[in-house]
Trainee: 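What follows is a single structure, and I will ask about it in a moment.
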Amino acid sequence: MRATATLPAADNALLDDSSISNNGPAAGHRRLAPSFPIMSQQSNNQENSTSLKGNSKDGSSGGTSTSTSSLTNAGPSSDGQFWNSTQRLAKKYRTEVAASASSVLSTMSTFPLDSVKTRMQTYKYAGFVDCVKQTYHTERLRGFFRGVTAPMLSITAVRTVSFSIYQRSKYAYSDWVKRNFGFDVMSHVASHGSLPNFWTVATFGAAGATAGSCITLIACPFELTKLSAQVSVLMADKKNCLKPGSHAIAASYQNKGTLKTMGNIVKHRGLGGLYTGFGLHLTRDTLGTAMYFITYESSKQLLTTFGGAGTHNNPFAVLIAGGMCGIVSWALIYPVDSAKSIYQRNSLMYSKGEKVEPVKIRFFQRNMYRGLGVSMARSCAVNAVFFSSFEFLKKRIKAMEDR
């Protein structure tokens, strides 16, 4: 029905185009013929061609002309429809689009700090500077970006899914609180001069925990692959092997890409080996993501209120809140992350069926906090960049759609 409705407009456009076409060549023929008699045969051919075009007015060649004109006019219309469809999709999924683009930017810009953090967690160094020097001396700049492909894929996917789940969970829990307790969480947060309270913290925390527990299924294999790539050179050193027979297995992970590393893990530990340390990973992401979003939303609300800003998502509040949420969440769950990294590193030196000693989570023990300063600095930078980009892109997409 839509195609039939556009046919009259196409026919009208066709008639206009035909008139212009007839005036152009015919006029040209009248000017050139007296001056260049030798071209009379060519001019006759042009005149015959022009006559055929002119017949389209009378309908004798209407089929061909209509087809040509329809193709000509379909281009801009199709482009416009495609652009409108793209805009509608971007608006509907602006959270996912903004999260994906911002994740790529923030991950690439801060990955060297993540690499140093992992090395300091799993091996002993005199400090941050010592780790940087030794890494550069043995592996050059490439060492700081070793394994970047895995997090580029995983973090982008994880953050996109995480933010999508968080947004939907946040509104779902907010509606539940409103129905059962009569308090509108989202209206309270959006109101000027509001402060965090029990219901806002509980809603954001529950939504964050939901998102964190769900994304572990996606993140665990990629994070294990990233860790393997980051410490592969260190594992291959015989003095770092846990037992005499583990050197050959450890050395097999060296200088491999993301997919080959995954294949190597499956080869030595089976398909379930990709989820080595899943329990520790689930604990870290559930607690960490809950605290992450509580800190971000509450900090942004406080900074907006006391900063006197007129809008909820002002750039300064977003930048500071983004940096704060990374620092606070890592301070809480860092010993869990250290235990996970050590256990996964140890597991890579064993074959399937061999027992790997569990690693206990020990809070307030110094060895569990190695690399915390680097991790907090990295997380602050990552999240400041990420949230600033995320809120900016989401706002721009919405504004573009509303035109």
Side-chain angles (χ1 to χ4, degrees), residues 94-118 120 128 132 144-145 148 151-152 154-164 166-167 170 189 196 200-201 204-205 207-208 211-212 215 219 223 226 284-285 287-334 337 371-398:
R94 61 183 178 273
T95 296
E96 290 80 1
V97 172
S100 299
S102 302
S103 180
V104 171
L105 175 64
S106 60
T107 301
M108 279 297 294
S109 60
T110 59
F111 190 77
L113 288 174
D114 182 72
S115 183
V116 172
K117 182 266 296 184
T118 302
M120 291 181 70
F128 172 77
V132 171
F144 296 101
F145 289 92
V148 71
M152 281 292 292
S154 66
I155 294 175
T156 300
V158 164
R159 276 196 172 146
T160 302
V161 174
S162 175
F163 272 70
S164 181
Y166 172 73
Q167 287 287 96
K170 180 172 69 173
V189 172
T200 61
V201 170
F204 299 144
I215 61 175
E223 197 155 320
K226 179 198 75 172
R284 186 202 71 176
D285 281 359
L287 294 176
T289 310
M291 184 55 63
Y292 180 88
F293 282 111
I294 288 173
T295 306
Y296 174 70
E297 299 280 12
S298 299
S299 298
K300 186 171 66 171
Q301 189 179 0
L302 287 168
L303 287 165
T304 301
T305 297
F306 291 108
T311 58
H312 180 57
N313 287 330
N314 72 83
F316 177 75
V318 169
L319 180 69
I320 301 301
M324 283 292 296
C325 73
I327 292 173
V328 173
S329 61
W330 271 112
L332 172 68
I333 53 92
Y334 198 79
D337 185 63
L372 176 60
V374 179
S375 184
M376 292 175 76
R378 168 197 160 274
S379 186
C380 179
V382 165
N383 288 291
V385 172
F386 175 80
F387 276 108
S388 296
S389 175
F390 173 75
E391 298 288 3
F392 173 78
L393 289 174
K394 194 166 69 166
K395 185 178 179 180
R396 289 296 295 241
I397 291 170
K398 185 177 180 180

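Each residue takes its place number in the sequence, starting with 1.
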Trainee: Return the set of residues passing salt bridge (charged side-chain N to carboxylate O under 4.0 Å, His left out) with Arg159 (not counting sequence neighbours), or none when no residue passes.
Mentor: none
Trainee: Tell me the closest heavy-atom pair linking Leu393 and Ala101, and the distance in Å.
Mentor: CD1-CB, 3.8 Å
Trainee: Tell me every residue that passes ring-ring contact (aromatic ring centres under 6.0 Å, His included) with Phe387, counting only those two or more places apart in sequence or in another chain.
Mentor: Phe163, Tyr292, Tyr296
Trainee: Which pairs with one or both residues in residues 318-329 pass salt bridge (charged side-chain N to carboxylate O under 4.0 Å, His left out), sequence neighbours excluded?
Mentor: none
Trainee: Show the nearest heavy-atom pair for residues Gly288 and Ile333, with the distance to one decimal.
Mentor: N-CG2, 3.7 Å
Trainee: Partners of Asp285 by salt bridge (charged side-chain N to carboxylate O under 4.0 Å, His left out), sequence neighbours excluded?
Mentor: none
Trainee: Do Val385 and Met108 come close enough that some side-chain heavy atom pair is under 4.5 Å?
Mentor: no
Trainee: With rounding to the nearest 0.5 angstrom, report the CE to NZ distance, Met120 to Lys117.
Mentor: 11.5 Å
Trainee: Check side-chain contact (heavy atoms from CB on, under 4.5 Å) between Leu332 and all other residues, then give those that pass, not counting sequence neighbours.
Mentor: Met291
Trainee: Going by the rule side-chain contact (heavy atoms from CB on, under 4.5 Å), which residues pair with Val97 if we only count those two or more places apart in sequence or in a different chain?
Mentor: Ile397
Trainee: Restricting to side-chain hydrogen bond (donor to acceptor under 3.5 Å, both in side chains), what partner residues turn up for Ser389, sequence neighbours left out?
Mentor: Ser102
Trainee: Could you give the distance from OH (Tyr334) to OG (Ser375), rounded to the nearest 0.5 Å?
Mentor: 5.0 Å
Trainee: Within the distance-only criterion (no hydrogens, no angle test), does the side chain of Ser106 pair as donor or acceptor with the backbone N or O of Ser103 below 3.5 angstrom?
Mentor: yes
Trainee: Could you list the residues that satisfy side-chain hydrogen bond (donor to acceptor under 3.5 Å, both in side chains) with Ser100, not counting sequence neighbours?
Mentor: Thr160
Trainee: With Pro112, which residues qualify under side-chain contact (heavy atoms from CB on, under 4.5 Å), at least two apart?
Mentor: Phe144, Phe145
Trainee: Of the non-hydrogen atoms in Leu113 and Val374, which two are nearest, and what is the gap between them?
Mentor: O-CG1, 3.5 Å
Trainee: Show me the donor-acceptor pairs within less than 3.5 Å that the side chains of residues 315-326 make with the rest of the protein, sequence neighbours left out.
Mentor:
none

Trainee: Who passes side-chain contact (heavy atoms from CB on, under 4.5 Å) against Phe392, sequence neighbours left out?
Mentor: Arg396
Trainee: Filter on salt bridge (charged side-chain N to carboxylate O under 4.0 Å, His left out), then keep only pairs touching residues 377-389, sequence neighbours left out; what's left?
Mentor: Asp114-Arg378
Trainee: Set out, in order, the CA-CA distance, both residues' side-chain angles and the distance that settles side chain to side chain contact (heavy atoms under 4.5 Å, CB included) for Thr95 and Phe390, then state yes or no.
Mentor: CA-CA 8 Å; Thr95 296; Phe390 173 75; 4.1 Å; yes
Trainee: For a salt bridge (charged side-chain N to carboxylate O under 4.0 Å, His left out) with Glu391, tell me which candidate from Lys398, Lys300, Arg94 qualifies.
Mentor: Lys300
Trainee: I'd like to know whether Ser329 forms a side chain to side chain contact (heavy atoms under 4.5 Å, CB included) with Thr295, so could you lay out the CA-CA distance, the side-chain angles of the two residues, the decisive distance to 0.1 Å, and finally the verdict.
Mentor: CA-CA 8 Å; Ser329 61; Thr295 306; 5.9 Å; no
Trainee: If you take all heavy atoms of Gly212 and Thr289, which pair is closest and at what distance?
Mentor: CA-OG1, 3.5 Å
Trainee: Taking C-beta and beyond as the side chain, do Trp330 and Asp337 meet within less than 4.5 Å on heavy atoms?
Mentor: yes
